[in-house]
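First the proteins, then the strands, lettered A, B, ... as listed; each starts at 1.
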Amino acid sequence: MPELPEVETTLRGIEKPLSGAKIECLRIRDSRLRWPIPDDLGARVEGRRIVSLQRRAKYILINLEPGSLIWHLGMSGSMRIVNKSTELRKHDHVDLVLSNEVILRYNDPRRFGCLLWADDALAHPLLRSLGPEPLDAEFNGTYLYKKSRGRRIAIKSFIMDQKVVVGVGNIYASEALFLAGIRPARQASRISLARYDALAVHIKGVLQRAIAQGGTTLRDFSQADGRPGYFEQQLHVYGREKQPCTLCGHAISNKVIGQRASYYCPKCQI
DNA sequence: CTTACCGCCTGTCGGC
DNA sequence: TGCCGACAGGCGGTAA
């Protein structure tokens with residue numbers, strides 16, 4: 001999926017046209033997402049006004065007050081702002097049609113995303129047990145250090161666990177570990193507080209820089225205006241197997257950790 | 001509680 | 001050129 005920077009980029013791209021707008025209707029062309037889109041969702045939102053939008057973890061929340069649409073982009077989802085004469089593309093599964101001529105169009109080839117309703121989104125089972133936002137002050141080295149005591153899993157799997165910290169996926173986990181000089185397979189319990197301090201700083205830094213670049217586009221992702229994200233050119237290790245390390249020139253390795261490709265420099269990351 | 005693994009889907013790419 | 005398997009940015013469910 002879109003990780004945190006891609007979801008944040010999407011949110012920023014749709015916030016202005018959607019905020020305060022009235023929902024004309026919800027057009028569902030294919031409801032077979034990760035969970036089926038509820039049958040009554042259209043009736044539930046039709047004619048109502050969008051009060052605000054927010055991101056929590058990798059979820060986009062469209063608040064109608066009371067109640068929210070809970071929208072996740074899955075692995076391959078994207079949203080675009082279009083109008084009624086915009087031609088449909090393959091996998092354009094949902095349109096949120098607003099009365100101001102604006103249409104929010106959701107495209108998701110793999111259909112791993114979801115579109116659900118909750119009276120209280122943050123209390124929804126999918127969101128209830130999520131860890132802290134990585135850009136919040138409460139997320140820091142001390143938090144990671146305490147949370148990791150007794151955890152034998154690889155540090156990369158640990159920071160990708162949404163109960164530990166949200167928003168960090170396969171790309172940015174690899175990048176943050178490179179910047180912090182930590183080998184992705186290292187056990188989470190065997191990392192010092194000082195190194196967790198550095199890791200927290202680099203998680204925040206890489207996410208912020210990626211947001212500033214509109215996210216990373218590898219294949220499916222695009223911003224709400226259709227442009228790609230531009231962070232790919234700043235990736236140090238992700239997808240760079242056998243290419244030279246940007247710091248020392250050694251070839252980048254790729255090892256499977258927790259069923260996911262994991263890129264690192266065997267010289268710079270210990 | 002933790003950890004490891006499966007599977008949901010379509011599209012693309014590399015190897016033969 | 002065509003076919004086939006491996007793999008892809010996520011994540012809930014299950015089993016041990």
Side-chain angles (χ1 to χ4, degrees), chain A residues 1-10 29-37 55-60 70-79 89-94 106-116 124-131 134 147-177 184-190 203 206-207 210-211 213-223 228-242 254-263:
Chain A
M1 140 178 214
E3 304 181 34
L4 185 146
E6 292 73 37
V7 179
E8 182 67 28
T9 296
T10 300
R29 290 180 208 85
D30 194 339
S31 62
R32 298 172 304 161
L33 302 187
R34 172 148 201 191
W35 296 282
I37 299 173
R55 178 188 59 72
R56 171 66 175 125
K58 300 174 194 171
Y59 293 91
I60 288 173
I70 298 178
W71 217 326
H72 197 289
L73 303 179
M75 195 88 121
S76 57
S78 60
M79 292 175 169
R89 298 179 186 175
K90 203 172 180 184
H91 308 301
D92 279 340
H93 303 314
V94 180
Y106 174 68
N107 182 286
D108 187 358
R110 293 172 73 180
R111 289 189 276 115
F112 286 177
C114 67
L115 173 56
L116 300 168
H124 190 279
L126 290 171
L127 284 81
R128 202 169 39 202
S129 315
L130 293 171
K147 193 91 177 166
S148 63
R149 295 309 87 186
R151 298 294 300 271
R152 299 172 56 84
I153 55 166
I155 181 60
K156 174 158 173 281
S157 304
F158 182 68
I159 58 173
M160 287 175 67
D161 181 346
Q162 304 296 299
K163 289 194 259 321
V164 173
V165 58
V166 301
V168 181
N170 206 28
I171 295 178
Y172 299 110
S174 293
E175 294 299 309
L177 288 166
R186 176 174 284 274
Q187 275 186 22
S189 59
R190 300 189 60 188
I203 288 173
V206 74
L207 294 177
I211 291 169
Q213 296 292 307
T216 302
T217 294
L218 296 184
R219 43 183 67 79
D220 301 305
F221 178 73
S222 72
Q223 304 189 48
Y230 296 100
F231 193 69
E232 185 184 0
Q233 28 210 9
Q234 292 176 42
L235 297 178
H236 288 101
V237 287
Y238 186 86
R240 297 194 62 243
E241 184 179 7
K242 294 177 182 153
N254 175 12
K255 177 182 175 186
V256 175
I257 299 169
Q259 325 281 97
R260 313 297 295 273
S262 305
Y263 302 91

request  = Measure up the A:Tyr263 and A:Tyr238 rings against each other and bin them: parallel (under 30°), tilted (30 to 60°), perpendicular (over 60°).
outcome  =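 Ring orientation of A:Tyr263 relative to A:Tyr238: perpendicular.
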task = Could you tell me how the ring of A:Tyr59 sits relative to the ring of A:His72: parallel (under 30°), tilted (30 to 60°) or perpendicular (over 60°)?
result =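 It falls in the perpendicular class, over 60°.
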ask   = Taking A:Arg32 for the side chain and A:Pro36 for the main chain, is one N or O donor matched with an acceptor at less than 3.5 Å?
value =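 Pair absent, no side-chain N/O of A:Arg32 close to backbone of A:Pro36.
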inquiry  = Closer than 3.5 angstrom, by distance alone: can the side chain of A:Ser262 be matched with the main-chain N or O of A:Arg260 as a donor-acceptor pair?
reply    =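 Yes, A:Ser262 side chain to A:Arg260 backbone: donor-acceptor pair under 3.5 Å.
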Please enumerate all protein N or O atoms sitting under 3.5 Å from an N or O of nucleotides 6-10 of chain B, with distances to 0.1 Å.
residue: B:dC9; atom: O3'; partner: A:Arg111; partner atom: NH2; Å: 2.9
residue: B:dC9; atom: O2; partner: A:Arg110; partner atom: NE; Å: 2.9
residue: B:dT10; atom: OP1; partner: A:Arg111; partner atom: NH2; Å: 3.0
residue: B:dT10; atom: O4'; partner: A:Pro109; partner atom: O; Å: 3.3
residue: B:dT10; atom: O3'; partner: A:His91; partner atom: NE2; Å: 3.1

query = With sugar-phosphate meaning primed atoms plus P, OP1 and OP2, does A:Ser157 contact a base, only sugar-phosphate, or nothing at under 4.0 Å between heavy atoms?
reply =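 No contact.
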request  = Describe the nucleic acid contact of A:Leu218 in one word from base, sugar-phosphate, nothing, applying a heavy-atom distance below 4.0 Å.
outcome  =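 Touches a base.
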message = Just so I know, are the side chains of A:Leu130 and A:Lys163 near enough to count as touching, which here means a heavy-atom distance under 4.5 Å?
response =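 No, their side chains stay 4.5 Å or more apart.
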key: Min side-chain heavy-atom separation A:Leu177-A:Lys156 under 4.5 Å   =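 Side chain of A:Leu177 against side chain of A:Lys156, heavy atoms only: contact under 4.5 Å found.
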query = Taking only Watson-Crick and G-U wobble pairs with both distances under 3.5 Å, what dot-bracket line describes DNA chain C, where [ ] shows pairs that cross earlier ones and | shows pairs with another strand?
reply = .|||||||.|||||||
message = Strictly below 4.0 Å: does A:Arg151 bring a side-chain N or O up to OP1 or OP2 of B:dC1?
response =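 Checking A:Arg151 against B:dC1: no side-chain N or O falls below 4.0 Å of OP1 or OP2.
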ask   = Reckon A:His72 has a side-chain N or O less than 4.0 Å from the OP1 or OP2 of C:dG10?
value =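 Looking at the OP1 and OP2 atoms of C:dG10, neither is under 4.0 Å from any side-chain N or O of A:His72.
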key: Gap between atoms CD1 and C1', on A:Ile70 and C:dC11 respectively (whole Å)   =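 Going from A:Ile70 (CD1) to C:dC11 (C1'), I get 15 Å.
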query = Which value, in whole Å, describes the distance between the C1' atoms of nucleotides B:dT3 and C:dG9?
reply =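 Going atom to atom, C1' in each nucleotide, I get 23 Å.
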Which nucleotide in B:dT2, C:dG9, C:dG12 has an atom nearest any side-chain atom of A:Tyr59 =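 Closest nucleotide to the A:Tyr59 side chain: C:dG12.
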